[in-house]
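This chain uses plain numbering: 1 for the first residue, then up along the sequence.
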Amino acid sequence: SHKEYRFLLPFFPLFSLLAGLGLQRASAWLQAKSAARARFYLLAVVFVPQVFAAIFFCVVHQRGAEAVMTHLRNYPARGGIFFLTACHATPFHSFLHGQEE
C-alpha cells in the first residue's frame, strides 16, 4: 500500500495542541511537588527520550539504504538489481551515477 506523509500534515497542529495540553497538565501536577524535583521529572520524562531518539534517527535509522548504494556504486551488479522497497526509500539514480554533465 502506498503511504504518503502529506496526508498527516493537516493533523500536526492538533498533535501540537494535544502535546501542549499534556505538558501543561504534567507541569501543573508536578508544581504540587517541589520546584526542583518537578523540573527534574519534566526533563527526564520529556527531553531525555528525545535525545536518544534524535541520536538513533540521525546515526542508525535507515543507513542501510546508503550502504547498499555505496556497495553497488563500487561493485556494480551484472545481472540487475531488484529492490523490495518503496521507490523513494533509496537514492538510486542520483547516488549510483553521481553528477551527469
Inset, instruction - Would you indicate whether Tyr75, at its atom OH, is surrounded by more than 12 heavy atoms from other residues, nucleotides or ligands within a distance under 6.0 Å? - result: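 No.
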
Legend entry - Taking every non-hydrogen atom, the tightest pair across Pro10 and Pro13: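 Scanning both residues completely, I find the closest heavy atoms to be O-CD, 3.5 Å.
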
Inset, instruction - Please name the pair of heavy atoms, one in Ala44 and one in Pro49, separated by the smallest distance, quoted to 0.1 Å. - result: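 It is O-CD, 3.3 Å.
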
Inset, instruction - Hydrophobic side-chain clustering at under 4.5 Å (ILVMFWY, transitive links): who's grouped with Leu18? Put none if nobody. - result: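 Leu18 shares its hydrophobic cluster with Leu14.
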
Inset, instruction - List for me each residue that meets side-chain contact (heavy atoms from CB on, under 4.5 Å) alongside Phe52, sequence neighbours excluded, and say none if there are none. - result: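 With sequence neighbours excluded, Phe52 shows a side-chain contact (heavy atoms from CB on, under 4.5 Å) to Val48, given in chain and number order.
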
Inset, instruction - Please identify each residue that fulfils side-chain contact (heavy atoms from CB on, under 4.5 Å) with Phe47, with sequence neighbours left out. - result: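 side-chain contact (heavy atoms from CB on, under 4.5 Å) list for Phe47, sorted by chain: Leu43, Gln50.
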
Inset, instruction - Verify the cluster assignment for Leu17 and Leu21: are they in a single hydrophobic cluster under the rule of side-chain heavy atoms below 4.5 Å apart? - result: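 The answer is no; the residues belong to distinct hydrophobic clusters.
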
